[in-house]
Amino acid sequence: MSTLTYPDVGATRLGPLPDGYHHLHHRDRIGHGRADFEAAGAAVTAFRMHRVAGARVTASAPRAEPGTAVQVKLGVGPFRFTAPCRVIWTEYGPQRIGFAYGTLTRHPECGEESFVVDLADDGTVSFTVMAFSRPARWYARLAGPLVPVAQLWYARRLGRSLRRIVTEARRKRN
C-alpha cells in the first residue's frame, strides 16, 4: 500500500491546519434531530454521499475505518482523474460522526480532507468539510487558482447531496 504524501497527519481532527497549504472550511446545515444526524452519518461514513454527488468510489471496507484504502474518481471523459487516499481517522460519537482521508502517491493533491456530521444541542445537524492541500502533480500545479475553486464547488455539492439523502430518509420514516 502506498504511503501518505504529507507529514501533518490528523490535522483536520486536532487542528490547527498547517501552513503552506490551501485551506478549505465549508459548513452546511443539512437537517434537524437525531434521526437526520444518524442518516447523515451513515451516508458519510459509507461513502454514499460521495457517490450521490457523482464520484466513483471504491473502498477496501464498506464503511470508513482507519487504514481503509479509498479511490475517488472524478471528472468527465478524458478529464477524469483518480485520487487514491487512506482513511486516517474516524469518529462515531453520539454527537459527531465522520472521517478524514489523506492523500497517497498518484493523488493530484497532497494533504488531508475530513467529512464530519455534527448534532448540536438545539438539534441542528451540520455537515463540515475541512481540508488542507497543495498541488502534487503537474496538472494540479498547472490548474493553479482553479483548484481551490473546484474544491469549494465539490464541498458544496457534497453538502447538497447529503441534504437530499437526509430528506429522502426523512420521507421514508414518515
Side-chain angles (χ1 to χ4, degrees), residues 1-30 40-41 43-45 47-59 64-91 96-118 125-165:
M1 183 182 288
S2 298
T3 59
L4 296 168
T5 59
Y6 62 102
D8 305 291
V9 177
T12 57
R13 183 177 206 167
L14 304 173
L17 298 182
D19 293 332
Y21 297 87
H22 168 73
H23 295 173
L24 171 67
H25 188 268
H26 179 74
R27 186 172 181 93
D28 278 316
R29 181 172 186 249
I30 52 132
V44 167
T45 57
F47 312 105
R48 181 172 177 221
M49 172 192 66
H50 285 80
R51 291 181 179 108
V52 169
R56 292 183 186 170
V57 178
T58 56
E65 293 295 344
T68 301
V70 180
Q71 277 202 350
V72 180
K73 294 181 181 181
L74 290 169
V76 179
F79 301 104
R80 183 169 296 281
F81 68 88
T82 300
C85 305
R86 181 181 314 132
V87 174
I88 54 154
W89 62 261
T90 59
E91 186 163 338
R96 189 168 198 247
I97 298 173
F99 75 95
Y101 51 47
T103 58
L104 299 174
T105 305
R106 294 187 349 259
H107 193 292
E109 293 283 306
C110 169
E112 187 174 296
E113 190 167 20
S114 67
F115 311 94
V116 176
V117 178
D118 290 297
V125 179
S126 298
F127 168 65
T128 303
V129 178
M130 188 179 310
F132 61 92
S133 63
R134 61 181 172 222
R137 312 282 286 179
W138 67 268
Y139 52 88
R141 285 189 289 279
L142 185 65
L146 296 178
V147 173
V149 172
Q151 289 172 329
L152 178 58
W153 174 84
Y154 187 62
R156 288 178 176 161
R157 183 174 177 91
L158 290 173
R160 286 190 303 272
S161 296
L162 190 56
R163 195 174 306 111
R164 280 195 310 273
I165 291 167

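With sequence neighbours left out, the ring-ring contact (aromatic ring centres under 6.0 Å, His included) criterion links Phe127 to no other residue. The side chain to side chain donor-acceptor pair (under 3.5 Å) check on Gln71 picks up nothing, with sequence neighbours excluded. Partners of Ala55 according to the side-chain contact (heavy atoms from CB on, under 4.5 Å) rule, which considers only residues two or more places apart in sequence or in another chain, are His50, Val57, Val72, Leu74, Tyr154. Applying the side-chain contact (heavy atoms from CB on, under 4.5 Å) criterion to Thr90, with sequence neighbours excluded, gives Ala64, Glu65, Pro66, Val87, Tyr92, Phe99. For Thr45, there are no side chain to side chain donor-acceptor pair (under 3.5 Å) partners, not counting sequence neighbours. By the side chain to side chain donor-acceptor pair (under 3.5 Å) test, Glu112 is found to be paired with Tyr6, Thr12, residues two or more places apart in sequence or in another chain being considered. For Ser114, the side chain to side chain donor-acceptor pair (under 3.5 Å) criterion is met by no residue, not counting sequence neighbours. The side-chain contact (heavy atoms from CB on, under 4.5 Å) test applied to Asp28 returns His26, Ile30, Arg163, not counting sequence neighbours.
Going from atom CD1 of Ile165 over to atom CZ of Arg51 covers 10.5 Å, rounded to the nearest 0.5 Å. Atom CG of Asp118 and atom CZ of Arg96 lie 5.5 Å apart (nearest 0.5 Å). Note: Glu113 CD to Ile88 CD1 = 11.5 Å, rounded to the nearest 0.5 Å.
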Carefully, step by step, assess Val116 and Met130 under the rule side chain to side chain contact (heavy atoms under 4.5 Å, CB included).
CA-CA 8 Å; Val116 176; Met130 188 179 310; over 6 Å; no
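Taking all atoms of both residues into account, the shortest heavy-atom contact from Leu4 to Arg86 is CG-NH1, 4.0 Å. Between Ala59 and Thr68, the shortest heavy-atom contact is CB-CG2, 4.2 Å. Closest of all the heavy-atom pairs between Leu162 and Val117 is CD2-CG2, 4.1 Å. Shown here for Ser133 and Gln151, the closest heavy-atom pair between the two residues is OG-NE2, 3.0 Å. For the residue pair Thr103 and Cys110, the shortest heavy atom distance occurs at OG1-CA, 3.4 Å. Summarising the geometry of Thr5 relative to Leu104, their closest heavy-atom pair is CG2-C, 3.4 Å, with the distance given to 0.1 Å.
At most 12 heavy atoms of other shown residues, nucleotides or ligands fall within 6.0 angstrom of atom CZ in Arg56.
Listed by first and then second residue, the salt bridge (charged side-chain N to carboxylate O under 4.0 Å, His left out) pairs that reach into residues 6-19 are Arg13-Glu91, sequence neighbours excluded. Pairs engaging residues 143-160 under the salt bridge (charged side-chain N to carboxylate O under 4.0 Å, His left out) rule: none recorded [sequence neighbours left out].
Listed for the Arg134 side chain is a donor-acceptor partner under 3.5 Å among the backbone atoms of Gly20.
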